[in-house]
Amino acid sequence: MIEEAPPPAVTSDWLNVFKSLQLGLVQGSYIRTINFHNTPLAKKELYERQLAFCQPYFSSVSQADMDSFFSTGTWHKDKPGLIPVFYEGYRNNYDVAAPLAEKYGFVGWFFVPSAFPSVPVAEQRTFAEAHHIGTVAEYEDGRIAMTWDELRELDQKHVIACHTMHHERLTPDSPDALLRQEIIESKQELEHYLDHEVSSFAWLYGSEYGVNAKADSYVREAGYRYLFSNFKIQKLK
Amino acid sequence: MQQTVDAFANDGLSVLGSDFERLLEYCESKNYNEEGIPMYLVLEDVSGKALSADTAPVMPRSGDSFFNLMLVTALDIYRQRKQGNNVELQSQDIGRMLEVLAEHYAGVVSFRNQGK
């Protein structure tokens with residue numbers, strides 16, 4: 001899951017989601033992911049074992065591969081695709097996870113809250129705690145987030161995607177200004193620093209398109225191509 | 001481990017037998033903040049743009065069709081077992097179902113070595 005969240009039980013919505021997932025699975029319209037958050041050095045062996053296990057059986061998935069898969073309807077590689085997904089833009093994703101992904105031939109998809117890399121180091125832990133971003137005790141200098149230079153470097157071989165601006169939970173009652181900031185302005189901020197279009201978005205707690213109509217309208221206005229959620233990757237345009 | 005018919009020929013639906021509770025317990029014990037969580041994500045085109053007026057949007061398809069069918073069957077049996085315990089299901093249970101299956105068929109070697 002993207003993050004553990006306790007949404008209220010809604011039987012009819014759950015059944016509809018379940019049925020759509022069954023249909024997608026039986027048609028082969030699915031892709032495998034491994035969802036990561038923090039990837040501290042202390043657990044590097046675990047991550048390496050996991051990716052090494054997957055290497056013989058799965059292929060990487062780049063942005064172009066995703067586009068082709070959706071546009072042609074067929075997977076063009078010999079092995080099924082696997083996406084290591086990294087949420088929150090942690091420094092240890094750059095230091096530990098990205099080199100491992102590269103070693104075993106995978107393209108990482110890094111979902112970053114666009115404000116996080118710009119937060120002063122001295123304020124990053126406070127920011128994280130205030131915005132549902134889990135932390136680990138790791139770096140003596142206190143820097144938790146990747147820098148923009150590190151993100152630009154990852155951008156050369158991996159995919160950088162948007163995970164709101166401040167890692168805010170957005171609900172049907174969220175004000176328009178907040179939705180615009182977290183969905184549209186966050187994309188613009190990432191694109192400013194990366195100097196190219198950012199195509200994918202994921203909500204905090206991983207809601208899919210179709211759950212929050214008001215927020216969905218902002219996702220469309222922003223021009224995202226894909227929405228990653230807890231159960232789906234949805235092509236929006 | 002081959003993501004083909006062989007996987008089911010060898011394992012049957014063992015994920016729903018003796019392995020099931022142990023695998024569920026293993027998944028529930030994970031530290032989501034620091035571990036990689038295998039998952040299946042279904043691909044869905046909601047763009048509303050068909051190739052032509054007479055066709056539905058192209059849906060990406062891959063994998064062994066028999067494996068895909070067995071995956072869905074395993075998912076449905078899991079759901080029936082969960083509901084059979086009179087547990088009120090929530091959307092997060094769907095994620096857990098997918099995680100259990102993904103862990104079994106594409107999980108870390110270490111689990112498969114535990115207790116065996």
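Each chain gets a letter, A, B and so on, in the order the sequences are listed, and its residues count up from 1. Keep in mind it's a predicted model, so treat the numbers as computed, not measured. Because only heavy atoms are used, hydrogens play no part in the values below, and waters and symmetry mates are left out as well, while side chains stay in.
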Report task. With a 4.5 angstrom heavy-atom cut-off, could you sort out which part of B:L69 is near chain A: side chain, backbone, both or neither? Result -> both
Query - Minimum heavy-atom distance B:V72-A:Q22, with the two atoms named - result: CG2-O, 3.5 Å
Report summary line: Most contact-rich option vs chain B, by heavy-atom pairs under 4.5 angstrom, among A:R220, A:E208, A:K232, A:M66, is A:K232
Query raised in the report: A:Y87 and A:H163: aromatic ring centres closer than 6.0 Å?
Result: yes
Query - Residue selection (most heavy-atom pairs with chain B, distance under 4.5 Å) from A:K79, A:R225, A:Q234 - result: A:Q234
Query raised in the report: Once the angle between the rings of A:F110 and A:F86 is folded into 0 to 90°, is it parallel (under 30°), tilted (30 to 60°) or perpendicular (over 60°)?
Result: parallel
Report task. Identify the heavy atoms of A:F106 and A:L51 that sit nearest to each other, and give their distance. Result -> CE1-O, 3.8 Å
Query raised in the report: Do the side chain of A:N93 and the main chain of A:H37 share a donor and acceptor less than 3.5 angstrom apart?
Result: yes
Query raised in the report: When heavy-atom pairs shorter than 4.5 Å are enumerated against chain B, which of A:V136, A:L236, A:I31 gives the highest number?
Result: A:I31
Query raised in the report: Which atoms of B:N31 come close to chain A, meaning under 4.5 Å heavy atom to heavy atom: side chain ones, backbone ones, both, or neither?
Result: side chain
Query - Side chain, backbone, both or neither of A:S68 within contact of chain B (heavy atoms, under 4.5 Å) - result: neither
